[in-house]
Amino acid sequence: MLDTLRRIVQEVNSAADLKDALELMTRRVRDAMGTEVCSIYLLDAQEQRYVLMASEGLKREAVGCVSLGATEGLVGLVGMREEPVNLEDAFSHPKFLYLAETGEDPFHAFLGVPVMNQGKVLGVLVVQQRDNRRFDQSEEAFLVTLSAQLSAVVAHARANGSIEALARKAAPNSTAIYEGLVGASGAAIGTAVLLFPPADLAAVPDREAEDIEAEVALLESALVRVRADVRALSERARGRLGDAEQELFEVYLRMLDKHALAGEIVASIREGHWAQGALRTVIDTHVRAFEMMDDDYLRERAADVRDLGRRVLAELQSRNRRPQAFPDNAILMGEEITPTMLLEVPQSRVAGIATIQGSRNSHMAILARAMGIPTVVAPSLPLKQLDGRELIVDGFRGRVIANPPAELRHQFQVIIDEERTLMAGLEKLRELPAETRDGQRIALQVNTGLFTDISRSLQRGAEGVGLYRTEIPFMIRDRFPSEEEQQRIYREQLQSFAPHPVTMRTLDVGGDKALPYFPIVEDNPFLGWRGIRVTLDHPEIFTTQLRAMLRASEGLDNLRILLPMVSSVFEVEEAQQLIHRAWLEVCEEGADILLPPVGAMIEVPAAVYQARALAQRVDFLSVGTNDLTQYLLAVDRNNRRVADLYNFYHPAVLHALAQIVAAAAAEGKPVSVCGEMAGDPGTALLLVAMGVEVLSMNAPNLLKVKAAIRNVARSDLEQLLAEVLQMDNGEVIEAYVALQLERAGLEELLGKRVVA
Ligand code: PEP
Ligand code: MG
């Protein structure tokens, strides 16, 4: 059984599209279980109906046409119960609904299992048999296992819009709404541009060929290179391989022949597809054909075809290095957009971002917020289908609207204009202090990393930099920057903000921040080699960075050094020794530099409990609430599945923060917050109530936070904090704080603009 399962899963996963996957699944399950019928019903979420999407055994004409309401029939019962329903005689069950179009009259035995993904029913997988009999436990377990596998395929297809396309044959121009999470608030209207990772055949979208002859020529030259590579490989292997293995290279070359794959790809280009898309379609078809074969040897050939496809794609992509054209208001769209991908795109062209993966606290989203780009993470975005279409990114409510009607577009334009007016209205606060009504002064600083952050921050009256993420300039290079290069970049920051302090965090890579030239591959990267753990293991990288920072600060004396991901005291002590040594070195070389203050980030629970011991050793503490929340709540900050568990208002987070502030106060050391909590008016005010006197945030939020602070009294905030610290539910706390702020007339600042 295990073999059969594995085989079915493999075949279904390599199916070309959802239709193929479903047909394959029904065929294979029916054969494996020896039943007369196997059918798949998928839930059309918008219509709330189960649509018969594939069947072996029921009438073919019924597929795609027959549907049942979400609570109707035995299928509806499986969906409602969210568990298998196994009946000896379906006809005698009160929920049985007779559907004449399916021709199911003679089938009595019924076993239906739900297809579930992330706690939601996506559909129902059903087997039926003529005789009255109950399916046994192993059959039930077999179907449940397959349904779990099918759920991933269906969820992915949903993400590609295939379900809607199959079920309702949706016109590509029809309006559609895709619900998701807010990555960065704000709204944007623009044209979708799909960014896809290189060297991934499955990710290649369908695009029309702009110039058919040019695409054919591109393919021909890619093929010439691949043929030459295969010949070279063959030459190198000569003598080491037997005749049979050597013959494989000939097979490869024949496959690339114009009478084989190459001919088919050219034909597809001539039908109007771009070369990469034509390649993907042809390779997919052949891979599937080989995978379906019963002969082991022939089945293995699927891997060869896939390999050839990848080689040709790599050549096509390396030849197609023309910079991608971006329309004026581009909405970047992708399965995932990494910080590096985002940084490669001309910023002035980007209006919004819509992705399938990520969450509010992934670094992509943080970067998007720093750049003021509205961002939504919507798992069901049909990426390939939306490429080039008009989109609205609604980063207030967390949704993407494709092909919006004129009326809706107009409403969003009004919101975009209002938001601009709000920001313009806040401009007058630029020179005013962030001071509560009862005189509590708070320093508002910015988080930076990009060169363009400097002017954005100065325009908003930032009082220095609370967190300069030095890894960002490292990310946009193809090697570690030299000491001189780093010195130049750091000097720019220090000079621009002088005499205000600039807090430079030492290199914080690992987790979800990878340097293309320094890959860290781990099973559990957030619990692995990250931040200070990397730099202490690589003193040569660390010291180069420290020397560059110190040298850059000469004559300005506004540098502060911050250590990320500290989890024990010895890390701070070791880092301090290295800082001291680097300082002595540069001083001996003739530089006249003050030893800068050194701070530790409080980002992991261990550091919360050691906050006092850390505060004794450093000059200041800075709380990284993004990671602290992730580690306290054991919720991966990038994982959309658990994104609703990631909550800054969780009582554990608030109590931990209060404890850190108390520990710093007991040692007489200042504490700042540089995570995203500092940039949200609601959480920022709670931090002020706790006694945090420095908040560092993305520049676009600075004036909103300042407006909030200037409109409240610290004494009222303390009262609010005392109340919420008694509460035990993060969502209730969040709602309560929002209500109090609305009552105080701050609703405009809460970023909750909503269009129905
Ligand atoms: C944090 O973790 O809160 C933080 C500021 O660091 P980063 O988001 O860069 O991990
Ligand atoms: Mg962090």
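Predicted, not measured: the structure shown is a model, and the values here were computed from it. For ligands, and for the atoms within them, numbers begin at 1 and follow the listed sequence. Heads up: numbering here begins at 1 and tracks the sequence.
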Item checked: Name of whichever N/O/S atom of D627 is nearest to the Mg ion (ligand 2) -> OD2

Next item on the list: Quick one: pull up OG1 in T506 and OH in Y468 and give me the separation to the nearest 0.5 Å.
Entry: 13.0 Å

Next item on the list: Return the name of the atom in E603, of element N, O or S, nearest to the Mg ion (ligand 2).
Entry: OE2

Check: Once you round to the nearest 0.5 Å, how far does CG of L426 lie from CZ of R710?
Finding: 11.5 Å

Would you tabulate the polar-atom pairs, meaning N/O of ligand 1 against N/O of the protein, with distances under 3.5 Å, reported to 0.1 Å?
| from | atom 1 | to | atom 2 | distance (Å) |
| --- | --- | --- | --- | --- |
| ligand 1 | 2 (O) | E603 | OE2 | 2.9 |
| ligand 1 | 2 (O) | D627 | N | 3.0 |
| ligand 1 | 2 (O) | D627 | OD2 | 3.0 |
| ligand 1 | 3 (O) | G624 | O | 3.3 |
| ligand 1 | 3 (O) | T625 | N | 3.0 |
| ligand 1 | 3 (O) | N626 | N | 2.7 |
| ligand 1 | 3 (O) | N626 | ND2 | 3.2 |
| ligand 1 | 6 (O) | R505 | NH1 | 2.9 |
| ligand 1 | 8 (O) | H363 | NE2 | 3.4 |
| ligand 1 | 8 (O) | R469 | NH2 | 3.0 |
| ligand 1 | 8 (O) | N626 | ND2 | 2.9 |
| ligand 1 | 8 (O) | R637 | NH2 | 2.8 |
| ligand 1 | 9 (O) | H363 | NE2 | 3.2 |
| ligand 1 | 9 (O) | R469 | NE | 2.8 |
| ligand 1 | 9 (O) | R469 | NH2 | 3.4 |
| ligand 1 | 9 (O) | R505 | NH1 | 3.3 |
| ligand 1 | 9 (O) | R505 | NH2 | 2.8 |
| ligand 1 | 9 (O) | K513 | NZ | 3.2 |
| ligand 1 | 10 (O) | H363 | NE2 | 3.2 |
| ligand 1 | 10 (O) | D627 | OD2 | 3.0 |
| ligand 1 | 10 (O) | R637 | NH1 | 3.0 |

Note to self: What's the separation between atom CG in L702 and atom CZ in R430, rounded to the nearest 0.5 Å?
What the structure shows: 10.5 Å

Check: Rounded to the nearest 0.5 Å, how far apart are NZ of K669 and CG of L621?
Finding: 8.0 Å

Check: Using 30° and 60° as the class limits, which term best fits the ring planes of F518 and H538: parallel, tilted or perpendicular?
Finding: perpendicular

Item checked: Lys/Arg-Asp/Glu bridge criterion (N-O < 4.0 Å) met for E676, R360 -> no

Next item on the list: Determine the interplanar angle of the Y646 and F648 rings, folded into 0 to 90°, and report it as parallel if under 30°, tilted if 30 to 60°, perpendicular if over 60°.
Entry: perpendicular

